[in-house]
Each structure stands twice: as C-alpha cells, then as structure tokens.
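Okay, so here's the structure we're looking at.
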There are 2 protein chains.
Amino acid sequence: MSEAEPSVPLSHRVPDLGALELLLAVARLGSLGRAARAQGISQPAASSRIRSMERQLGVALVERSPRGSRLTDAGALVTDWARRVVEAAEAFDAGAQALRGRRDSRLRVAASMTIAEYLLPGWLIALRAELPGTAVSLLAGNSSVVAERLLAGEADLGFVEGLAVPAGLDGAVIAHDRLVVVAAPSHPWTRRRGELTADELAVTPLILRERGSGTRQVLDAALAAHGGLAEPLLELASTTAVKAAVVSEAAPSVLSELAVGEELGARRLVEIPVRGLRLGRELRAVWPAGQRPAGPARHLLGLTRRTS
Amino acid sequence: MSEAEPSVPLSHRVPDLGALELLLAVARLGSLGRAARAQGISQPAASSRIRSMERQLGVALVERSPRGSRLTDAGALVTDWARRVVEAAEAFDAGAQALRGRRDSRLRVAASMTIAEYLLPGWLIALRAELPGTAVSLLAGNSSVVAERLLAGEADLGFVEGLAVPAGLDGAVIAHDRLVVVAAPSHPWTRRRGELTADELAVTPLILRERGSGTRQVLDAALAAHGGLAEPLLELASTTAVKAAVVSEAAPSVLSELAVGEELGARRLVEIPVRGLRLGRELRAVWPAGQRPAGPARHLLGLTRRTS
DNA sequence: TGGGGGCATAAGCTGGGGTTATGTGCAGGG
DNA sequence: CCCTGCACATAACCCCAGCTTATGCCCCCA
C-alpha cells in the first residue's frame, strides 16, 4: 500500500525551487558542472542535489556520461512540469519585488486588484527582459485610489477596470475582459436547455464580491435595466473566497473571465451563457490628463498593448 | 541602487513551497496557530516562518491580533501569486508521482508526450480529488509505444494524439487540438497583410520537432497536398527547445496550441493565420478493442471528457 | 601518454527551520 | 472582577540538508 495523501505535505514531495532551477539548467546546458556554475554552486553540490531529487521522486532524471549529462525521457517530462513551477515563481518574484515599493523606483504603478493579480506580473517579467534593472513599485487599490495616486504625482502609470476613465485622467484601452456567470458543475443551471436570461440572473441570489469592487460595479450597471441585482446570498472580500464558495455553496456567481479562466479550463467551474446582457468591460491604462507617459512608463504601456 | 538580477538566484528571492503553503493556510484559516496545525508544525515555527517570509519580501503580509491573523492588502496579492506557484507544484507532484510507476498501481496510463505534459497532471489532480488513494502510473511515449503497452496488457488506458486510432485499439475523442504556425514577434510574417497560404508554408524552412513526433506527422500529412514540407531549418528533440529556437533563430515553427498557449498569451510568440490548411487534430483516449475501460480507468476517462 | 572535462565520493561546517517551554495581551464568562 | 482560553512572541536548544574543498576515476583527444 502506498502512503496516503498530504499526510506528508506537498513541500516534502516536491523538490524545492533551487533544485528545479538546477534541473532546468542541466537540461539547457547539458552538463551538471556547467549547470552548477550557472547556479553559482559547486559541481559536487549540483551532483548531490540532482541525485537526491531523483531519490525523492523515485525516477531517474538525467543520464550521466563522462561526456556530459542528458535528460532521460522521464526527466524531460519532469523538467517541463518543473518549468511551470519556476515560471509561477518568477511571476511571484516580479510581483513581490514591485510590491516592496522602494522609494527609488523609476516606475511607480498603481493598479486595480484584478489587473495587479492576473496581468501585472507577466508585464513586469516582460519589462524586466527589455529594461533590466528598472525598479518598479506597485500599489494595488480600486479605481479611486489609483486616480488619487496619479493625480498626487505618486504614481506614473495606472491601470483600472471600471466603466469610465476617472476624472482628471487620460486613458487607453489595453485589453477587454468579460464577466461570466459561473456555477459549480453540479448546479442545475449547468444542465439548462436554453440560455439564461438577464431577468433570471437579476432575481437570483448570488455569491459576490463586496460592493465597490470593479466587478460588482459592472454587474450592477448591466442589471440595472432588469430590475437591479437581487440581494446577494453571500458577500466576500476576495475573488478566491468567492470561487471557493461557488464550488461548495451551490450558488452561482459572476466573475471576471481573467479570474476564472483556469477553473473553467479544468471544469471546476462551468460558465453559464446569458442572453441579452453586455458583460464586457475594458481594462484601461490611465495617466494624469495631458501628461503622456514617458520613459519606463511608456515602455510598460507598450508591453500591455501587446499582451492582450 | 537596488541589487541587480539573478546575481541572487530566484530560489533565494522566493520563499520556499512550505512557506507559501503555510501562507495559504493562514489566509484560509485566519490564524497562525490553526495554519500551523494544518501544516503539521508548531505555532512558533509558523510564526517565525511567516515573519522571515515578510522580512525576505520586505512586505507585511499578515496583520496579527490577539484574536487571530488576517492578510494585509499586499498579503492578499502575494497569497494569490503564491497560490499559482503551489498549484504548479501540485501538478508537478501529481505527474511525478505517476511517473514513479509503482508496480502496485491500480491504474496504469500510457500517454503521448504532449498529453502527458500538458493535460495529464490536471486530470490526475481531479482524479485524486474523486478517488483519493488511487495509485496511478504513467508511461509516456509515442503512439506505437502506447498501443504496444495496451495490447501487452501493461497499461489500462492510453492517450494518443495521432491521426488515426492504432490497430487493435478502440478509442474516443476527448479533446481537439490544433497546430498553429508561430513566429517571434519580430518576424516579418507577423506584419503580413493577407493570410499565409499553405504553399508558402510548405516551401519555408521551419524549426521543427524531429520526424516521428505526433506534431510532425500531422503537419506532414496536411502539407502533402502542397508539395510536402521543405527541409527543416533545424530539428530539435523537445518542444521547449523548438520554442526557444523560434524566439532566437528568427524562423517560424508549427506547434500544438497546447504547447504555445502561454507564449501566445504573453506575446512571446505570435500566431500566423494560415489559409486553406486543416491543422486540427483529435486527442483520443484508447484501449484494447472490445475491452471498455472499467474501474479507475473509466473514472479517468470521464474526467478527461469534462476537461476538454 | 598526458591533460582536461565530467562525474562521484569523502569529510567537515553552517544555518535555517524545527521543537519545547514560557511570557504577554486581549476577550468574554462565571 | 478576575480567571480562563486563545493567539502570538520570545528564548534556548537541536538537527540535518545542503554547501564547500579535496580528491579519485573515467573517458576522450591532442
């Protein structure tokens, strides 16, 4: 009988980031020694680290030879999975670095939560590739906070997801988002025949983010013509909490496509099509009226346009 | 001046998986002590770990009070980024666990590389949720290897991405994939006016996987009517190597949509539309003719159907 | 045949992360 | 009003994972 689930927590079953990075270096460079140098450690350290990773996983990852090392088939697969972990870690790092908000930042960004959470790390990684060494600071908050910071000269570039450009700011649409009605796969709505109507949606108690969130605003506006939103079944403070509640509470919600993309892909949540409701919204970059972004801000703005 | 790039490697700037898991537990449970218990460590250990993570990141993550702990705004953002890292680690774990291939596995899966790499980990995570404790083993190989294992009774369920169901097997289409022509954003094709024609594609030297890969087969077949594939500019052994080469070598490639989805999203690669070429392909589950999958295999098959 | 690249083994050090024991602050009930 | 419970912090100690340097073996090639 094989040992059961998180009796041993995940972190003991997965090699740490250093080991995964090392594995990627071995895959890329074709030798333990070169990979070791690339990671700034000694060759024996790399050798032992890879070996203990193989022991931990119970799989041979690299084929050692006196002329270098190549990945085994299993090793290639493991390396690909490892790459995703490392990429997620890179996004984490890019975000965290910006959040630290050093005073000497050359680019100060203010962004709404959804954008900061889902899009900004990718932009920051791209920016780092193009303008290495540019210190970026990030402040996350709702549209009014973003506007306030920009107008106070405390931020160079903002990103908002509301319906309109806040007063005093200029802006450009950089991407489109869409709110989607989602429910757990077990919910009756997933087995409906026709599409849901806006009226039905309006009278159904939903699980929602609290009033004031960008998502909530758009939804309120869209349903205004249909008698307005019913009293929510549950109001939660974070998108994540809402997602969790949708799965367990057996009630639907309306969330940004950005936020539920993954869940829809894995069918942990199901999208419920709705007829006759415009739930699209623009994501905008904004800056103080008249002051076109320049320098790193302009660069970042360019990146965001390319990253739909 | 802030310290530069990977002078310090990623793994030293990102908290380790254990710390990230702990942070998620704090977010979920609202108290360091409860999170500690959930992770199977002592309360002081959790306290110190969170504290050192805050020191490392230079950001306050949790607001401590005598009645519990809540995330700060920055902490909520960091936690969301952390969640992705942990999810990637979960996929890694699910895959690696299966790769270990214990003899006592109750479900033995054989899958083509692309499917094993991109889809299987997600399925395994879902399966683990529904049938906890089911030991799964995975063997990755091309279609003929998959067929061979199934026919030899050494695998219970297979997944292939070729054009046809191998002889002696029954199968069901579980998802659709599409090959896409991709190029670096700097490539002239990204600035074409009309769509690319199949003939143009056929005469262009591409960067490709080696002959025999599922991708290559489909491409060969699709271009057969257009004079066949030109001699490749470069033949590489892994999808990852191909992607890297496309970016740097300034030549296009043709790859599975599954493989380049992320790169397209971040515009590291750009899709080049092609006219008059059918590059779709079916992903199929397969099993020995006449022996419908039962038990865990049937369960997994059900999951794959839901996970398009 | 000697040298160099590549991996493994050995011996020894260090520190991060763990534990137990204990202290402090706040809230709510008897 | 005080006591008890819960939550977090501090202190002292321990251990092992992972690093380093030194060295050996193997193979290829000039």
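Just so it is clear: chains get the letters A, B, ... in the order the sequence lines come, proteins before strands, and each one is counted from 1.
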Any side-chain N or O of [X] less than 4.0 Å from the OP1 or OP2 oxygen of [N]?
X	N	answer
B:S69	D:dC8	yes
A:S65	C:dC7	no
B:R64	D:dA7	no
A:S47	C:dC7	no

For this session: Would you mind building the protein contact string for nucleotides 22-30 of chain C? One character per nucleotide, 5' to 3', B for base within reach (heavy atoms under 4.0 Å), S for sugar-phosphate only, - for untouched.
Result: ----SS---
Closest to the [X] side chain, choosing from [options]:
X	options	result
A:I41	D:dT20, C:dC7, D:dG18	D:dT20
A:R51	C:dT19, C:dT9, C:dG6	C:dT9
A:A45	C:dG18, D:dG18, D:dT20	D:dT20
A:R49	D:dA9, D:dG18, C:dG17	D:dG18

For the pair made of [atom1] in [X] and [atom2] in [N], what is the distance, rounded to whole Å?
X	N	atom1	atom2	result
B:L17	C:dG17	CG	C1'	15 Å
B:D16	D:dA17	CG	P	14 Å
B:E21	C:dG17	CD	C1'	15 Å
A:L32	D:dC25	CG	P	20 Å
B:R55	D:dA9	CZ	P	13 Å
B:L61	D:dC8	CG	P	14 Å
B:L29	D:dC8	CG	P	11 Å
A:I50	C:dA8	CD1	P	10 Å

For this session: May I ask you to say what B:S48 touches in the nucleic acid, namely base, sugar-phosphate or nothing, with a heavy-atom cut-off under 4.0 Å?
Result: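 It contacts nothing in the nucleic acid.
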For this session: Would you mind classifying the nucleic acid contact of B:S42 as base, sugar-phosphate or nothing, using non-hydrogen atoms under 4.0 angstrom?
Result: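 The answer is base, as B:S42 lies within the cut-off (heavy atoms under 4.0 Å) of a base atom.
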For this session: Quick one: closest heavy-atom pair of A:P15 and B:F92, and the distance?
Result: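 Answer, listing the atom of A:P15 first, then B:F92: CD-CE2, 3.5 Å.
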Exercise. Charged N to carboxylate O under 4.0 angstrom, A:R149 versus A:E154?
Worked result: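 Looking at A:R149 and A:E154, the cut-off is met.
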For this session: Indicate yes or no: does B:E90 engage B:R128 in a salt bridge with an N to O separation below 4.0 Å.
Result: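 No, B:E90 and B:R128 are not salt-bridged.
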Problem set entry | Residue closer to the 5' end of DNA chain D, A:G40 versus B:S31 (nearest nucleotide) |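 This one resolves to B:S31.
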For this session: Begin with the C-alpha distance, continue with both residues' side-chain angles, and end with the deciding distance and a verdict on side chain to side chain contact (heavy atoms under 4.5 Å, CB included) for B:L17 and A:L17.
Result: CA-CA 8 Å; B:L17 280 172; A:L17 280 171; 5.6 Å; no
Problem set entry | Counterpart residues, side-chain contact (heavy atoms from CB on, under 4.5 Å), relative to A:E21 (two or more places apart) |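 Result, side-chain contact (heavy atoms from CB on, under 4.5 Å) vs A:E21: A:Q39, A:V86, B:P9, B:L10, B:S11.
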For this session: Kindly write out the residues that satisfy side-chain contact (heavy atoms from CB on, under 4.5 Å) with B:S42, not counting sequence neighbours, or none if the list is empty.
Result: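 Checked B:S42 against side-chain contact (heavy atoms from CB on, under 4.5 Å); matches are B:P44, B:A45.
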Problem set entry | Passing candidate, side chain to side chain contact (heavy atoms under 4.5 Å, CB included) with B:V26, options B:T79, B:V62, B:L61 |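 For B:V26, the side chain to side chain contact (heavy atoms under 4.5 Å, CB included) test succeeds with only one of B:T79, B:V62, B:L61, which is B:V62.
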For this session: Without swapping roles, check the side chain of B:S112 against the backbone of B:S143 for a donor-acceptor pair under 3.5 Å.
Result: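 Absent.
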